[in-house]
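No experiment lies behind these values; they were computed from the predicted model shown. Throughout, numbering of the chain's residues begins at 1 and tracks the sequence. Side-chain atoms are counted along with the backbone in the values below, which use heavy atoms only and exclude waters and symmetry mates.
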Amino acid sequence: MKKTFLILGAVVIFMASFTKADLAKEKSAVATATMANHAFQSNPGEKLINKNDCLGCHNKTNKIIGPAYVDIAKKYPATEKNINMLADKIIKGGTGVWGNMPMTAHATLKKDDAKLMVKYILSLKK
């Protein structure tokens with residue numbers, strides 16, 4: 001009976017050692033995935049977009065409520081005039097260019113931040 005408990009105890013300890021190694025691997029994988037996600041968001045304009053409510057209506061490649069970012073980039077060349085106009089549209093809101101659905105105003109957004117967002121969007125032109 002003592003041998004059985006001794007063997008079972010050894011097996012439990014042996015199995016537990018694998019579980020700790022697996023947990024360490026999972027933690028490492030999560031950390032790597034998180035670092036990779038930050039690498040994809042290295043652009044300050046993209047970070048601002050992700051931090052604000054933009055993704056509720058817009059997507060990088062597909063139209064949701066508002067146009068896809070790549071479609072905006074196709075329509076507007078990355079000129080200073082367009083960057084300022086689009087930044088103002090983000091701050092003040094607008095309607096009529098992409099359909100009847102109005103874009104809500106983002107009055108608390110700083111002009112420089114809106115310009116960073118626009119520069120990122122226009123950089124998606126293929």
Side-chain angles (χ1 to χ4, degrees):
M1 188 75 159
K2 288 183 183 180
K3 284 184 183 181
T4 305
F5 284 118
L6 183 60
I7 291 172
L8 282 174
V11 169
V12 168
I13 292 171
F14 180 73
M15 297 292 261
S17 68
F18 282 112
T19 305
K20 288 181 184 178
D22 291 341
L23 288 175
K25 285 180 187 177
E26 286 178 25
K27 285 181 183 178
S28 176
V30 168
T32 302
T34 302
M35 288 173 45
N37 188 33
H38 287 296
F40 287 122
Q41 295 182 14
S42 62
N43 185 295
E46 184 179 16
K47 287 179 183 177
L48 287 166
I49 286 170
N50 291 333
K51 191 171 88 170
N52 286 284
D53 65 348
C54 307
L55 298 177
C57 297
H58 298 278
N59 181 281
K60 188 183 283 188
T61 57
N62 299 316
K63 178 184 183 339
I64 300 178
I65 293 171
Y69 295 141
V70 293
D71 293 336
I72 297 169
K74 285 179 193 173
K75 184 172 181 132
Y76 297 100
T79 64
E80 196 62 34
K81 180 180 176 183
N82 285 337
I83 291 168
N84 281 316
M85 183 267 300
L86 292 170
D88 287 339
K89 188 168 288 245
I90 290 171
I91 294 168
K92 296 175 186 173
T95 187
V97 178
W98 297 94
N100 294 330
M101 182 63 74
M103 182 170 127
T104 58
H106 299 85
T108 59
L109 192 63
K110 296 177 186 172
K111 174 89 179 223
D112 289 337
D113 288 345
K115 287 173 77 170
L116 285 173
M117 295 161 79
V118 170
K119 287 177 183 178
Y120 165 72
I121 292 167
L122 297 183
S123 75
L124 299 174
K125 186 174 185 173
K126 294 180 181 180

d(T79 OG1, L122 CG) to nearest 0.5 Å is 8.0 Å
Y69 vs I49, test: side-chain contact (heavy atoms from CB on, under 4.5 Å). Steps then yes/no. CA-CA 11 Å; Y69 295 141; I49 286 170; 3.3 Å; yes
Nearest 0.5 Å please: distance from the NZ atom of K60 over to the SG atom of C54. 13.5 Å
Counting C-beta onward and ignoring hydrogens, is there a side-chain heavy-atom pair between Y120 and L116 closer than 4.5 Å? no
Please check if the number of heavy atoms outside M85 that lie under 6.0 Å from its CE is greater than 12. yes
Okay, side chain of N43, backbone of G45: is any donor-acceptor separation there less than 3.5 Å? yes
To the nearest 0.5 angstrom, please state how far the NZ atom of K110 sits from the CG atom of L48. 10.0 Å
With sequence neighbours excluded, what pairs up with H106 under the side chain to side chain donor-acceptor pair (under 3.5 Å) test? D53
With hydrophobic residues grouped by side-chain heavy-atom distances under 4.5 Å, do L124 and V97 end up in a single group? yes
Pairs flagged by side-chain hydrogen bond (donor to acceptor under 3.5 Å, both in side chains) wherever residues 85-101 is involved - sequence neighbours left out: D88-K111
Enter the distance from I72:CD1 to I121:CD1 here, rounded to the nearest 0.5 Å. 5.0 Å
Is K63 reaching over with its side chain to a backbone N or O of I65, donor-acceptor style, under 3.5 angstrom? yes
Separation of I91 CD1 from M117 CE (nearest 0.5 Å): 9.5 Å
Does I90 reach the side chain of M103, with side-chain heavy atoms less than 4.5 Å apart? yes
Look at atom NZ of K51 and say whether more than 12 heavy atoms of other residues, nucleotides or ligands are closer to it than 6.0 Å. no
Considering non-hydrogen atoms only, spot the tightest contact between N59 and I64 and give its length. CB-CD1, 3.6 Å
Drop me the distance from K115's NZ to E80's CD, to the nearest 0.5 angstrom. 4.5 Å
